[in-house]
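To start, the structure itself, in structure tokens.
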Amino acid sequence: MSRMENSGKYSGSNLSNLEKDPDMARVADYSIISDNVIQDSNVDFTVPDNIHAGSRSVLRFKIKARGLDSGDVPFGSFDGMSTRVLLNGSVVWTWNWTNSENPTRVFQEVVPAGIVKPGDNRFEVKVKFNDPDGGLSIISISDAVLWWQAEI
């Protein structure tokens, strides 16, 4: 069987990886990070020892933003607010808010190889909001899942 015919069992692999070890198969699996994370907090999660740390991962999460002015009245402008998501101290996603709604959105981000590691990992949400009127932003992230490749 040629390598091209055999390549279907190597989920997510490219030809250069097959040439290094054509008998090592990989599968995609996932870790549930959290169902709810509030801004400026972190969540520790575990990835199994058989993760292929040299492969990229995929992070998916839902984000909801809401804002309150200094009198706890909802407002609709998020101009000047930025949100960062970090994995193990590395920024993997940044969003600069410019809309005038309280959005709920789903994002998916490719995480560079080497950031996710076997064992303990940390997911962090950082928010910066400069409202001259003393408003408050509340960012919550839910349904955070990380897909990664494992060697079997």
Side-chain angles (χ1 to χ4, degrees), residues 3-4 7-22 24-68 74-132 135-152:
R3 286 187 188 215
M4 293 307 285
S7 66
K9 75 177 190 176
Y10 300 96
S11 173
S13 297
N14 61 35
L15 187 57
S16 64
N17 289 334
L18 291 174
E19 291 168 351
K20 291 177 187 173
D21 189 356
M24 182 62 69
R26 281 193 235 155
V27 296
D29 206 344
Y30 64 92
S31 294
I32 296 172
I33 296 172
S34 180
D35 192 33
N36 194 28
V37 182
I38 300 296
Q39 67 192 44
D40 300 325
S41 65
N42 58 64
V43 174
D44 293 327
F45 66 100
T46 304
V47 173
D49 290 337
N50 66 336
I51 184 177
H52 187 271
S55 294
R56 295 181 293 173
S57 302
V58 177
L59 175 65
R60 183 214 169 270
F61 57 91
K62 182 170 60 173
I63 189 166
K64 181 176 183 178
R66 54 190 182 103
L68 300 172
F75 68 90
S77 177
F78 290 92
D79 288 341
M81 184 171 70
S82 66
T83 304
R84 294 181 301 149
V85 170
L86 296 82
L87 284 174
N88 296 324
S90 296
V91 176
V92 295
W93 180 83
T94 301
W95 185 263
N96 293 310
W97 301 84
T98 58
N99 63 344
S100 61
E101 298 175 9
N102 295 347
T104 298
R105 298 182 176 146
V106 175
F107 289 96
Q108 183 169 298
E109 184 68 24
V110 175
V111 177
I115 291 180
V116 179
K117 59 186 182 182
D120 295 332
N121 290 268
R122 177 160 284 187
F123 177 86
E124 297 177 76
V125 180
K126 303 280 185 188
V127 175
K128 183 185 291 183
F129 188 52
N130 297 319
D131 182 8
L136 168 70
S137 66
I138 300 172
I139 301 295
S140 63
I141 289 182
S142 63
D143 306 313
V145 177
L146 182 75
W147 282 276
W148 37 264
Q149 294 182 43
E151 296 176 332
I152 58 170

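What you are looking at is a predicted structure, and each value in this text was computed from that prediction instead of being measured.
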Quick one: does Leu59's side chain get under 4.5 Å of Ile33's, heavy atoms only? yes

Can you tell me how far CD1 of Ile32 sits from OG1 of Thr46, rounded to the nearest 0.5 angstrom? 12.5 Å

Taking only residues two or more places apart in sequence or in another chain, which ones pass side-chain hydrogen bond (donor to acceptor under 3.5 Å, both in side chains) with Asn88? Asn121

If a pair satisfies salt bridge (Lys or Arg N to Asp or Glu O under 4.0 Å) and one of its residues is in residues 38-55, list it, with sequence neighbours excluded. Asp44-Arg122

Just wondering, do Ser90 and Leu87 contact through their side chains at under 4.5 Å, heavy atoms? no

Is the closest side-chain heavy-atom distance between Asn36 and Ser140 below 4.5 Å? yes

Identify the heavy atoms of Arg56 and Gln149 that sit nearest to each other, and give their distance. O-NE2, 4.2 Å

Heavy atoms, side chains only, cut-off 4.5 Å: are Gln108 and Val106 in contact? no

To the nearest 0.5 Å, what is the distance between CH2 (Trp95) and CD (Glu109)? 11.0 Å

Value rounded to 0.5 Å, distance of OG1 in Thr83 from NZ in Lys128: 11.5 Å

Distance from Ile63 atom CD1 to Ser142 atom OG, nearest 0.5 Å? 9.5 Å

Determine whether Phe107 and Trp93 satisfy the following criterion, ring pair (Phe, Tyr, Trp, His ring centres under 6.0 Å), listing intermediate values before the conclusion. CA-CA 9 Å; Phe107 289 96; Trp93 180 83; 4.8 Å; yes

What is the minimum heavy-atom distance between Leu146 and Ser57, and which atoms define it? CD1-CB, 3.8 Å

Quick one: CG on Asn50 to CZ on Arg26, what's the gap to the nearest 0.5 Å? 11.5 Å

Side-chain contact test, heavy atoms from C-beta onward, threshold under 4.5 Å: evaluate it for Val85 versus Phe123 and give yes or no. yes

Calculate, to the nearest 0.5 Å, the distance between atoms OG1 and CZ belonging to Thr94 and Arg84 respectively. 6.5 Å

Salt bridge (charged side-chain N to carboxylate O under 4.0 Å, His left out) involving Asp29 - partner list, sequence neighbours excluded: none

Is there side-chain contact between Ile139 and Lys64, with heavy atoms separated by less than 4.5 Å? no

Evaluate the side-chain proximity of Pro118 to Val47: yes if any heavy-atom separation is below 4.5 Å, no if none is. no

Within a strict 4.5 Å, meaning less than it, do heavy atoms of the Trp147 and Ser31 side chains meet? no

Give a yes or no on whether Arg60 atom CZ has more than 12 heavy-atom contacts from other residues, nucleotides or ligands under 6.0 Å away. yes

